[in-house]
S.K.: 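Take this structure first; my questions come after.
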Number of protein chains: 2
Amino acid sequence: MKTKQETRPSTSERILSATLRLMSEKGYKSVTVKQIAAEAGFSEMTIFRTFGSKKAILDRLIENYLYTPPNEKMIRDRLTYDLETDLLMLSEFYHDTVGATEQIYLLSVMERSVMPDLHVNIHHNATKFTDIVADYLKTMQERGLVVAGDPLVQAATLMYFNYGKFATYTLIPRADRLNNLRDAVAVIARGLAA
Amino acid sequence: MKTKQETRPSTSERILSATLRLMSEKGYKSVTVKQIAAEAGFSEMTIFRTFGSKKAILDRLIENYLYTPPNEKMIRDRLTYDLETDLLMLSEFYHDTVGATEQIYLLSVMERSVMPDLHVNIHHNATKFTDIVADYLKTMQERGLVVAGDPLVQAATLMYFNYGKFATYTLIPRADRLNNLRDAVAVIARGLAA
DNA sequence: GAAGCCTGTTAGTAAGCAGTAACATCGAAG
DNA sequence: CTTCGATGTTACTGCTTACTAACAGGCTTC
């Protein structure tokens with residue numbers, strides 16, 4: 001009996017992931033096509049045959065990222081309207097989804113002057129996430145479960161914390177990732193509880 | 001009567017600041033010596049005569065930064081042992097001092113694979129700052145003014161928030177800087193108060 | 001006004017890198 | 001077995017860029 005077919009990544013997929021790996025570390029200019037070829041396990045010529053130019057690889061990477069929209073509905077469905085539970089769920093969701101794009105994030109930071117679109121897009125996603133949290137907190141205020149105050153500022157307090165944590169473990173690989181997330185979120189939840 | 005002499009920045013200072021400005025935006029490799037010369041208002045030759053090589057400019061920049069130690073004592077002296085007041089003071093101090101090194105921070109992020117020392121050093125300073133906050137919170141716990149819990153996790157909650165805010169306004173120039181800092185810190189202080 | 005220092009100009013070298021052309025090889029599918 | 005597509009090899013072009021050499025001008029200081 002055959003085991004399930006392992007779909008080996010295609011040539012272009014291997015080139016793309018190799019490029020992302022390298023460029024998220026060193027940036028666009030510092031990575032040579034020769035290095036990409038070595039990392040992907042192909043010759044230089046195959047790279048040019050597949051993508052035409054170095055720039056085209058980067059463009060494809062960004063394109064792939066941009067066409068992966070976030071799913072807001074899934075977040076709202078999971079709300080329990082218990083403050084601490086929800087804030088933890090929201091934080092975990094943030095790290096799960098945003099955390100899957102660490103390399104793209106690094107790339108967007110390093111190349112932000114060359115490709116501001118990507119960087120702005122990522123920031124925009126974060127803003128949207130904060131808005132969702134603010135909506136939630138506004139509802140909780142109306143239910144008398146959260147203290148008065150600008151819900152956007154309250155949401156930003158949580159999200160700046162999460163972003164700070166994300167940026168830290170993304171930039172410092174050996175840094176704690178989600179250790180103590182529950183305890184930290186509990187502090188913020190306590191500060192927001194009515 | 002002479003007005004106070006305006007000490008014009010020296011040649012090397014002008015080159016250094018121009019280099020930092022450019023490299024914090026585009027990174028080391030993407031900045032050419034020609035661009036540095038234009039930004040500093042000199043010819044290319046003057047750059048090489050002053051520093052010898054492009055790399056030497058970068059080395060000097062880092063050296064200058066590394067020999068500017070932070071002052072812990074100044075922080076401790078300002079403590080009032082009113083939780084919210086102190087957490088706000090600590091946060092403002094963080095933004096004032098770390099904020100003065102935004103460009104170096106950006107450079108350290110972009111060139112972290114080439115010069116890990118700088119990046120590690122900056123992270124180390126942040127860790128030290130967090131330790132100071134943790135010390136403070138431990139004292140406050142002993143005085144019965146802060147809830148039980150690992151002081152390091154409590155301190156990290158505040159500092160991740162501050163770092164997230166710092167990284168945001170550093171990477172997104174138009175983002176709010178210290179707007180609403182007081183309100184956000186108040187949330188965290190409330191979450192930590194006994 | 002002479003000496004010396006700082007800076008500019010011009011011309012050039014050497015190296016690294018993106019990208020191309022032409023031909024060879026190998027494996028799979030018919 | 002043959003054909004074809006994907007990949008490798010080699011050799012090359014052209015551009016950019018770090019860096020140097022040699023010489024000239026100008027400003028300060030004595």
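These figures come from a predicted structure and were not determined experimentally.
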S.K.: Can you give one letter per nucleotide of nucleotides 8-23 of chain D, going 5' to 3': B for a protein heavy atom under 4.0 Å from the base, S for sugar-phosphate only, - for none?
M.R.: BBB------SSBBB--

S.K.: Is a side-chain donor or acceptor of D82(A) paired with a backbone partner of T85(A) at a separation under 3.5 angstrom?
M.R.: yes

S.K.: Could you note down all residue pairs passing salt bridge (charged side-chain N to carboxylate O under 4.0 Å, His left out) where residues 60-74 of chain A supplies at least one of them, sequence neighbours left out?
M.R.: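 As it turns out, the salt bridge (charged side-chain N to carboxylate O under 4.0 Å, His left out) pairs with a partner in residues 60-74 of chain A, which skip direct neighbours, are E72(A)-R76(A), K73(A)-D77(A).
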
S.K.: Mind listing the residues from residues 10-23 of chain A sitting with a heavy atom below 4.0 Å of DNA chain D? Number order is fine.
M.R.: T11(A)

S.K.: Could you pull out all donor-acceptor pairs under 3.5 Å where a side-chain atom in residues 158-166 of chain B meets a protein atom, sequence neighbours excluded?
M.R.:
residue, atom, partner, partner atom, Å
N162(B), OD1, H95(B), NE2, 3.0
N162(B), ND2, S91(B), OG, 3.0
N162(B), ND2, L158(B), O, 3.4
Y163(B), OH, Y105(B), OH, 2.6
K165(B), NZ, R177(B), O, 3.3
K165(B), NZ, N179(B), O, 3.4

S.K.: Are any of the side-chain heavy atoms of V133(A) and L137(A) separated by less than 4.5 Å?
M.R.: yes

S.K.: Could you tell me whether K138(A) and E142(A) make a salt bridge, using a distance below 4.0 angstrom between a side-chain N and a carboxylate O?
M.R.: yes

S.K.: Which pairs would a plain distance check flag for residues 184-194 of chain B, meaning a side-chain donor or acceptor within less than 3.5 Å of a matching protein atom at least two apart in sequence or in another chain?
M.R.:
residue, atom, partner, partner atom, Å
R190(B), NH1, G191(A), O, 2.9
R190(B), NH1, A193(A), O, 2.8
R190(B), NH2, A193(A), O, 3.1

S.K.: What donor-acceptor contacts under 3.5 angstrom involve side-chain atoms of residues 110-119 of chain B, with partners at least two apart or in another chain?
M.R.:
residue, atom, partner, partner atom, Å
E111(B), OE2, Y28(B), N, 2.8
R112(B), NH1, V109(B), O, 2.9
R112(B), NH2, S24(A), O, 2.6

